[in-house]
Amino acid sequence: MSTSQSPLAGGNNATNGDKARFGVVTVSDRASAGTYEDLSGPAILKFFDEAISSSWEAVYRIIPDEKAQIEKELKTLCDVEGCCLVVTTGGTGPAPRDVTPEATEAVCDRLMPGYGEQMRAISLRHVPTAVLSRQTAGLRGKSLILNLPGKPKAIRETIDEVFASIPYCIELMEGPYITTNEHVVKAFRPGKKKIRASPSLANGGPTNGQRLCTSQLHVRRQGHVLTLVSESGHRQAARRAANALRRTVACAEVDSRFLQTSVALQQEAAPAPSDHIEVEVNGQPVQILKGSTVMAACDAAGVDIPRFCYHHRLSIAGNCRMCLVEVAKSPKPVASCAMPAAPGMKIKTDSALVKKAREGVMEFLLINHPLDCPICDQGGECDLQDQSMHFGSDRGRFTEMKRAVKDKNLGPLVKTVMTRCIHCTRCVRFASEVAGVQDLGMTGRGNNSEIGTYVEKLMTSELSGNVIDLCPVGALTSKPAAFTARNWELRSVESVDTSDAMGCNIRVDSRGNEVMRILPRLNEDVNEEWISDKARFQYDGLKRQRLDVPLVNRGQGLERAHWADALTAVQAGLKGIKGNEMRAIAGKLADAESIIALKDLMNRLGCSNLYSDAGFADLDADVRSNYLMNTSLSGISQADVVLLVGSNPRTEAPVLNARLRKLWLEGGQLATIGPDLDLTYPHEHLGEGAPALAELLKTGSGWGKKLKEAKNPVIIVGPGILHRQDRGSILQKVHEVVEKTGVVRDNWNGYNVMHDSASRVAALDLGFLPSARSASAPPPKFVYLLGSDDFAEEDVPADAFVVYQGHHGDRGAARANVVLPGTAYTEKAATYVNFEGRAQRTKVAVPPLGDAREDWTIVRALSEVLDLPLPYDSRADVRARLGDVAPHLTRVGEWDAPLWLNGQYFKAFAARAAGDKAAPSQDPFQSSIENFYLTDVISRSSQTMAKCVQAREVMPTSFNTSQPGPAPSYGVNKGGAK
Amino acid sequence: MLRQGLTRLAAAALRVQEVASCQQVQAQAPVTWGRLAMATNSHDIFNVHRHSPDNNLDTPFDFTEANYELVTELLSRYPTNYRQSAVIPLLDMAQKQNQGWLSLSAMNKCAEVLGMPPIRVYEVATFYTMFNRSKIGKYHVMVCGTTPCMLCGSRKIHAALRDHLGIDFGETTKDGMFTLGEMECMGACVNAPMIAVADYTRGVEGFSYGYFEDLTPQDAVSIVEDLRSGKSPVKGSQYRSKAEPAGNVGTGKWVPVPQNLTQTLTFEASGGKPPGPRCRDLDFEAPKDPPAGPPNAKTGSNKPV
Ligand code: SF4
Ligand code: FES
Ligand code: FES
């Protein structure tokens, strides 16, 4: 039969990921009996072959006109064979045995009569008898069943037109992404004109076994182009993610125009831009930026290259050799991560040579790697384990002894099992390049190389925990989390860190109702992929000192109480107190939802004495650009001259400090006014305090000139300044500098204010500030502490009735008359605003402890007891209210450039400063953070953080002295060598 | 007390463990080479530092005035933004000044002078085996163990020195005079076997790194004896004036080649024909007593005798 010549598969066959499966059913008594040769089925297959460019295969059946049999066959094709499209031919006429439409309707869940009508309309143009056909179509599960006419000629006439809508239909049913050859039939997709079929996804895809990561979506970055690749071939998922990402990508470095779903690097006929070159990866041409590596070319082509030492945020080491690929005319395989791609290069990643090379490298790596996966904390998320599944052998030829290396003591955070090290030097490069501490190195040579500090010493970075993520094997793992959980038992929730005001994106991994570890999450605009040690390791503080029941002090100290009693106790405490005699203070970790609820409640009580315990009550918060990081974090990466005023970013926001260090590595210049510190990069120290600021204003000031001449100048005012009494006059001086040197100019706002705690910006955004008449308020008789433990003593008079709402028993709870147990950031879905004004949300990773409640609900419940019910009953309602007050709080993850109002408010500042005549004091500027490891109730309760503090007291921090103490700095200025 | 004792015990146990792991490496080396040296030629066993009474952060080290001048001169050869490039010559100088080894403070001093982080200096010092990171004898006697020397009897040289000095590779004599080491080919194979002696008795100025070639075991012993008694043994070949084919010491004593064979460019001895390659005859049974010269020296042909 001629069917043997009919193609049963087609399209570009390079993929196996998203192959489309079609069913073709010829319904005919005579054909099934072999009386005549079936021509209709082959005609359909021939159409597929001509029309479809993506990869497909077909299942072809010939069956008699038996309803039961047709039904059975359709069901099998849809349910068992997994065909996304089943076409029948024949059996649609009025003859008694023509039952195909009936069988189709019987198996379909939903009908799509439109197809039948369209086909009849097409056929009617050719023959009047077309009205006799009863074709229909319908959906069964994720399959589309379509009745076609019986005659080959009619089949082609109809299907040529009808097929235009089918790829989109299949896509909507979450089927594979089908692309067509446009000269035969043009697949129509509404609004998709710009996104073309992706060679890397639809055709190239990951080649066999090369995809090694586990996540569903990959974001690849190459130069300015971000590419989202969906593992499962679900373009829709990729596109949805791309849209989400597009919203967040605002920086110029990664322009949203360059954000694409799986490719479009390949432009059809368009000539390659001159800064691109074309290379060939496995026979498929790709355009890449000049100067890219061979590995980048493979990435752009959607081919994954296994790797250990390469990391796109670190320099290229080229020492693991796992990334070997074959390049035409090169006698040996080349390390793709270190080899620049040349125009016309022919790269092969799937050849026997490459396979053998990778297997060889893997065998060498495994020679000295211990076989201790069952007791290794990296097990299950280990690059070596994963890649040895692909390239490892099930037996070894090495019969000698494995080497053993002494474990190093890097401090209380990073656990080392150095025998497992594969010497990729990622940790060494991270420490010296990103963290900027010259602590780690590779000593010895060859088989005896070791990673370590040579002289035992503490790893002195605030970012040290990131080497745990970077280490591709289990050589560096988390000490606090050692042997507490296997990673596959953990439930992950995407959240936001609150240990500083940067709002680093984190993933909270929990088991049961315990947080087991915290990992960073990628967000190029905020934390890239780093988090500070406090963000990563303070979680054990969530298990200690917790408040889990309401407590009431009835004269004999705090006693357990029921919620109702506690709330009535607050009501009693409020009795007879006038609004002006009340005060609310928001603490470091308060979330936006509870802040707005408390503000609304206090306003209802007639109180407008709303403070935060940061101590900058009179900060001008009318204009957001007064208290935000106006340049945004990704904007700061484009700065060339940076002046830090009264700030130590190393402790206030370590991840920002890494960004500043990167700036310096790229040639930026930095200076500080304030304490003379080791910031991990060289910088000029202009002075200790206000006089140095005044100096900048003088003509002929070197740095004044530098700021003026810079392309993108940045001034960052640290939280230490905001905490000072004379902040007004200092800020005014800063603004004079800003004005004089033009730090704010067209399309560039270089004026930044940095905060040190997660709640501050939300409080300012929501106007949680004392009103004008607060200044004349009498000493408070009632104080509501919203998680505030850092209040000033005079703000809470001894005779005041104090309510403390929070999650840790610290200073605030100790002083309280009533304690209302709230939730920590891992236990609630809450909004936090980071210091650039970006609203982000935490999610519930573990349930609240005991009787504790989500914070805004506590305030809501209290309002009910006080008979002043707040008008929101659900989280969505509170968020709607947030949106009313500050619309950006509902645009989660987005960053809007704060309005600068043409500097109008300078004038207001100047006027105000002139009013109170207070000259800035001569005191040196200070950072607001004394001890990085102990900043809020959570970190203060954490034993790990306490160990970090202790380690700095007992372990040497320097190579030069056995004495502990502040880490030294090397080189001409502070901070290590390049 | 008890706690201290326990800590010391634990430390001892650790060391045993480490030493054991080092021995595993060593197990692959020939039996005679069996000391606690790593597979490198360095006499330092560990690639990490451990404080000891004579090597800790407080061990004093500073370049002498005279040497500081040399340092300045050295640094002037490199661009100011590439001062680190001078790390190897600087470490070398520190080692010569410090009686042949780099204490931790010596490395730290180099780091300080070069303005580079100490760990980067440690990386260099641990990588190159000619830097010694633990105390060493006044003379570092290094026996070449690579193939040509080995074929010409370097094992006998090693054995003679070992028996005479009572130390093996990586060890130092009790009087602190000699440390024995093994080296890879030092490029003097033509006069194999050979030893090199680094003389750390005279500081940076008087430092010498002498080759002693064409050694019989007896020669090797008398060279170290001369050194011990303050004499200066003859450097270079002990038997010939240059690298002419004048004879060899493969048998344990100097055997001159017959006069007519020293002229490699004339073929008189072989009757005008080239003597041909002197390769070993595979069927040749070596007599118990070695003949007085190369087996076929008499005939001048490469036919078996
Ligand atoms: S410890 Fe880990 S990250 Fe560091 S070199 Fe070894 S394998 Fe690489
Ligand atoms: S990834 Fe290329 S050599 Fe390691
Ligand atoms: S083999 Fe000993 S010097 Fe070359």
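Chain letters run A, B, ... following the sequence lines, proteins first, then strands; residues in each count from 1.
- More than 12 heavy-atom neighbours from other residues, nucleotides or ligands sit within 6.0 angstrom of CE on B:M177.
- Listed for the A:N448 side chain is no donor-acceptor partner under 3.5 Å among the backbone atoms of B:N47.
- You'll find the side chain of A:Q438 stays beyond 4.5 Å of the side chain of B:P118, heavy atoms only.
- Around the NZ atom of B:K138, the shell of radius 6.0 Å holds no more than 12 heavy atoms that belong to other residues, nucleotides or ligands.
- With a 4.5 Å cut-off on side-chain heavy atoms, B:F127 and A:T443 do not count as touching.
- For the pair A:V455 and B:H51, the minimum side-chain heavy-atom distance is below 4.5 Å.
- Summarising the local packing, NZ of A:K706 is surrounded by more than 12 heavy atoms from other residues, nucleotides or ligands at distances under 6.0 Å.
- Within the 4.5 Å cutoff, the side chain of B:L104 has heavy atoms near those of the A:Y454 side chain.
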Please evaluate residues A:K406 and B:R50 with respect to the criterion side-chain contact (heavy atoms from CB on, under 4.5 Å), reporting the C-alpha separation (whole Å), side-chain torsions for both, the decisive distance (0.1 Å), and the verdict. CA-CA 12 Å; A:K406 174 152 169 26; B:R50 207 139 322 159; 3.7 Å; yes

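- In this structure, chain A has no heavy atom under 4.5 Å from any part of B:R83.
- Atom CD of B:E73 sits in a crowded spot, with more than 12 heavy atoms from other residues, nucleotides or ligands closer than 6.0 Å.
- Residues B:V48 and A:K408 form a side-chain contact, since some pair of their non-hydrogen atoms from C-beta on lies under 4.5 Å apart.
- In this structure, CD1 in B:I119 is found 7.0 Å from CG in A:L440, a value given to the nearest 0.5 Å.
- The shortest non-hydrogen separation linking A:G441 to B:E123 is CA-OE2, 2.9 Å.
- The NE2 atom of B:H49 sits 10.5 Å away from atom OG1 of A:T453, with the distance rounded to the nearest 0.5 Å.
- For B:Y209, the OH atom sits in a packed shell: over 12 heavy atoms of surrounding residues, nucleotides or ligands are nearer than 6.0 Å.
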